[in-house]
S.K.: 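Take a look at this one; I'll ask things after.
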Amino acid sequence: MKEDPLHVVSGSPQYAFTDNGPNFGSLVFLYNNTASAYSNPGTYKFDPQKMHGNDLQLTECEVYRVEDCGGLMEKPWRNVQWNSERRQALLSTISGWKPSVSSVKQARILLVGPVGAGKSSFFNSINSAFKGYVSMQANTGTAGTSLTTQFRTYYIKPSNSVTHVPFILCDTMGLEDGVNTGLDVDDFATILKGHIQDKYQVRTLGIPQLVLLTKVDEACPLVAEDLKNIYQSHYINKMMQEISTKVGVSLSAVVPVKNYYQELEIDSQTDILLLNAVVQMLRAAEGYFDDFYNPEEKSE
């Protein structure tokens, strides 16, 4: 049976963290500026044996700040229709998309990110949205290292409701630190162009980039409670703004999604976020194809 985490109640929360370290009155860390703690449960009654094993010498002291999720905005800053009709409209939009360059039959979407970001889960989730039930074709999990061990190209099969799938999802190993771990930049370059000079810069290739903000339900409890809160959450909005600035893409290129990972059945709200992400990817691809537009060519 899982035990509750140990905690100490502070009689004066505003003084719980001082310049000299965490100070809860009954339990003081970095006591007298030394690598030790002062313990006096008193009226706060915690068990010293369970709390610190009666050992007051510190080897490590990690401090975390828990931030409030910020509540909800008065109205969404992006308008989304959350009904089944919208889900079907997105599927129809995707199915009916054709590249403006006749030599290209499908858009290839490369998924790149750190281990555990949800790349393979994103494919499974998109596949689920098209199939109408939760699919587990790609291997996923939380092993700490990449479960995708090779470059994979995934095709989504057409169905009775979706007769044409105009894109291919390409999955890669997770980006990891260290030698011979995960995907490195040389692998990335090979995938993008087959061969490229050393010290390349991805953006000079002109390949459009979108950022998928995954695990939004884990990031914000208000979104976990109701996915329709995604564009009303102050916290998610803040995260998207920060990503836009740090990565150097426009805010419209940051798309939040929720993958299927524990569900047994699909739901329209999750599908709508996922399918909207695909629509944005296809629009970005179309912008890229516009650079190669030839008025004498005609899409088949």
S.K.: Would R78 and M240 count as a side-chain contact (heavy atoms from CB on, under 4.5 Å) if you check the C-alpha gap in whole Å, the side-chain angles of each, and the deciding distance to 0.1 Å?
M.R.: CA-CA 12 Å; R78 279 182 182 170; M240 293 175 66; 3.6 Å; yes
S.K.: Quick check on the hydrophobic clustering: are L282 and I168 connected, directly or via other members, by side-chain heavy-atom contacts under 4.5 Å?
M.R.: no
S.K.: Please report the shortest heavy-atom distance between P99 and E286, naming the atom on each side.
M.R.: CA-OE1, 3.9 Å
S.K.: Among L90, V80, L227, which residue satisfies the side-chain contact (heavy atoms from CB on, under 4.5 Å) criterion with L273?
M.R.: L227
S.K.: Without swapping roles, check the side chain of T270 against the backbone of I266 for a donor-acceptor pair under 3.5 Å.
M.R.: no
S.K.: Answer yes or no: is there a side-chain heavy-atom contact under 4.5 Å between F130 and L275?
M.R.: yes
S.K.: Quick one: do S95 and T163 satisfy side-chain contact (heavy atoms from CB on, under 4.5 Å)? Show the steps, please.
M.R.: CA-CA 7 Å; S95 181; T163 57; 3.9 Å; yes
S.K.: What distance do S233 atom OG and L72 atom CG have between them, rounded to the nearest 0.5 Å?
M.R.: 6.5 Å
S.K.: Does K258 pair with E218 as a salt bridge, N-O distance under 4.0 Å?
M.R.: no
S.K.: Of the non-hydrogen atoms in L251 and S244, which two are nearest, and what is the gap between them?
M.R.: N-OG, 3.5 Å
S.K.: For V257 and A277, work out which heavy atoms get closest and say how close.
M.R.: CG1-CB, 3.7 Å
S.K.: Kindly give the heavy-atom pair with the smallest separation between R87 and G132, and that separation in Å.
M.R.: NH2-CA, 4.4 Å
S.K.: Taking all non-hydrogen atoms of both residues, which atom of P208 and which atom of A284 are closest, and how far apart?
M.R.: CG-O, 3.6 Å
S.K.: Kindly indicate whether the side chain of N127, heavy atoms from C-beta on, has any atom under 4.5 Å from the side chain of K157.
M.R.: no
S.K.: If two hydrophobic side chains count as joined below 4.5 Å and joins carry through other members, does L222 share a cluster with W82?
M.R.: no
S.K.: Working note: I126 + Y260, criterion side-chain contact (heavy atoms from CB on, under 4.5 Å); need CA distance, chi angles, decisive distance, verdict.
M.R.: CA-CA 9 Å; I126 295 296; Y260 291 114; over 6 Å; no
S.K.: Identify the two heavy atoms, one from Q57 and one from S36, that lie closest to each other, and give their separation to 0.1 Å.
M.R.: NE2-CB, 4.0 Å
S.K.: Is it the case that N259 and S121 place a side-chain donor and acceptor less than 3.5 Å from each other?
M.R.: no
S.K.: Run the numbers on I236 and Y231 for side-chain contact (heavy atoms from CB on, under 4.5 Å), then give the verdict.
M.R.: CA-CA 7 Å; I236 296 298; Y231 290 122; 6.0 Å; no
S.K.: Give me the one residue out of I94, V165, V162, V278 that meets side-chain contact (heavy atoms from CB on, under 4.5 Å) with I156.
M.R.: V165
S.K.: Just by modelled atom types, is the T34 backbone N or O under 3.5 Å from a matching donor or acceptor in the N32 side chain?
M.R.: no
S.K.: Hey, what do you get for OG1 (T214) to OH (Y261), rounding to the nearest 0.5 Å?
M.R.: 11.0 Å
S.K.: Do side-chain atoms of T93 reach the backbone of A89 as a donor and acceptor pair under 3.5 angstrom?
M.R.: yes
S.K.: Side-chain contact, heavy-atom cut-off 4.5 Å: V134 with N124?
M.R.: no
S.K.: Classify the angle between the aromatic ring planes of F123 and Y154 as parallel (below 30°), tilted (30 to 60°) or perpendicular (above 60°).
M.R.: parallel
S.K.: Roughly how far, to the nearest 0.5 Å, is CD of Q88 from CZ of R86?
M.R.: 11.5 Å
